[in-house]
Amino acid sequence: MNIQQLKCAIEVWKCGSISKAAERLYMNQPNLSRMLKALEDEFHIILFYRTVSGVEVTQEGALFLKEAEKLVDNT
């Protein structure tokens, strides 16, 4: 895990869409998806449910992302 991964996950959370977040982060969507998957695998959690219209944060994802946001804000 690194701060960049956390920032990307937070941006997806705020946008509600991987593709919109990728655009705002100046990344391509497949790389952002891989980054999220690596973060989920590392912590053995599912951050988002993927839907046709975007993503929805899971309950455990919301807890993780709130703590990640605190960490990012303090760096």
Side-chain angles (χ1 to χ4, degrees):
M1 174 196 65
N2 61 46
I3 295 296
Q4 183 64 27
Q5 287 176 306
L6 297 179
K7 288 179 180 180
C8 289
I10 291 166
E11 191 64 33
V12 172
W13 179 34
K14 290 178 179 179
C15 290
S17 165
I18 294 172
S19 58
K20 286 180 187 174
E23 191 176 302
R24 290 181 61 168
L25 293 164
Y26 304 102
M27 311 178 66
N28 63 33
Q29 183 270 329
N31 284 343
L32 181 54
S33 290
R34 279 192 290 276
M35 189 180 290
L36 291 175
K37 179 71 172 132
L39 195 57
E40 290 175 328
D41 289 348
E42 183 175 347
F43 288 95
H44 306 288
I45 61 173
I46 297 173
L47 296 172
F48 304 102
Y49 294 120
R50 277 74 170 174
T51 68
V52 176
S53 59
V55 294
E56 293 179 18
V57 69
T58 64
Q59 186 175 4
E60 64 187 349
L63 294 172
F64 179 88
L65 291 165
K66 287 176 187 173
E67 291 302 315
E69 193 169 42
K70 290 178 191 174
L71 181 66
V72 168
D73 288 345
N74 288 329
T75 58

Student: CD of Glu23: more than 12 outside heavy atoms within 6.0 angstrom?
Tutor: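 Open: at most 12 neighbouring heavy atoms sit under 6.0 Å from CD of Glu23.
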
Student: Can you tell me how far apart NZ (Lys37) and CZ (Arg34) are? Round to the nearest 0.5 Å.
Tutor: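 Rounded to the nearest 0.5 Å, the NZ-CZ separation comes out at 13.0 Å.
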
Student: May I ask you to decide if Ile45's main-chain N or O and Glu60's side chain share a donor-acceptor pair within less than 3.5 Å?
Tutor: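 Not confirmed, Glu60 side chain does not pair with Ile45 backbone.
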
Student: Would you call Glu67-Lys70 a salt bridge at under 4.0 Å N-O?
Tutor: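 Counted as a salt bridge, because a side-chain N and a carboxylate O are separated by less than 4.0 Å.
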
Student: Count I, L, V, M, F, W, Y as connected when their side-chain heavy atoms are under 4.5 Å apart, and connections chain through other members. Are Tyr49 and Phe43 then in the same cluster?
Tutor: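 They do not share one cluster, since no chain of ILVMFWY contacts under 4.5 Å joins Tyr49 to Phe43.
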
Student: What are the two closest non-hydrogen atoms of Val55 and Ser17, and how far apart are they?
Tutor: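 Residues Val55 and Ser17, closest heavy atoms: CG2-N, 3.8 Å.
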
Student: Applying side chain to side chain contact (heavy atoms under 4.5 Å, CB included) to Met35 and Met27, what does each step give before you reach the verdict?
Tutor: CA-CA 11 Å; Met35 189 180 290; Met27 311 178 66; 3.8 Å; yes

Student: Using 0.5 Å steps for rounding, measure from the NZ atom of Lys7 to the CG atom of Asn2.
Tutor: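 Going from the NZ atom of Lys7 to the CG atom of Asn2 covers 10.0 Å.
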
Student: Quick check on Arg24: does its CZ atom have over 12 non-hydrogen neighbours (other residues, nucleotides or ligands) under 6.0 Å away?
Tutor: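 No, not enclosed.
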
Student: From Ile10 CD1 over to Asp73 CG, what is the distance, rounded to the nearest 0.5 angstrom?
Tutor: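 Between Ile10 CD1 and Asp73 CG, I get 7.0 Å after rounding to 0.5 Å.
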
Student: Between Leu32 and Val12, which heavy-atom pair has the shortest distance, and what is it?
Tutor: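 Result for this residue pair: CD2-CG2, 3.8 Å.
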
Student: For Gln29 and Ser19, indicate whether the former's side chain and the latter's backbone hold a donor-acceptor pair under 3.5 Å.
Tutor: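 No.
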
Student: Does CD belonging to Glu42 count more than 12 external heavy atoms closer than 6.0 Å?
Tutor: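 Buried by this count: over 12 neighbours within 6.0 Å.
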
Student: Could you walk me through whether Phe64 and Leu6 pass the side chain to side chain contact (heavy atoms under 4.5 Å, CB included) check?
Tutor: CA-CA 10 Å; Phe64 179 88; Leu6 297 179; 3.9 Å; yes

Student: Hey, could you give me the CG/CD1 distance between Leu25 and Ile18, rounded to the nearest 0.5 Å?
Tutor: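 Answer rounded to 0.5 Å: 11.5 Å.
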
Student: With rounding to the nearest 0.5 Å, note down the distance linking CD1 in Ile46 to CG in Leu36.
Tutor: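 Output value for this atom pair is 12.5 Å.
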
Student: Working to the nearest 0.5 Å, report the span between CG of Leu71 and CD1 of Ile3.
Tutor: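 The CG atom of Leu71 sits 4.5 Å away from the CD1 atom of Ile3.
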
Student: Over all heavy atoms of both residues, which pair between Phe48 and Val57 is shortest? Give the atoms and the distance, please.
Tutor: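 For Phe48 and Val57, the tightest heavy-atom pair comes out as CD2-CA, 3.8 Å.
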
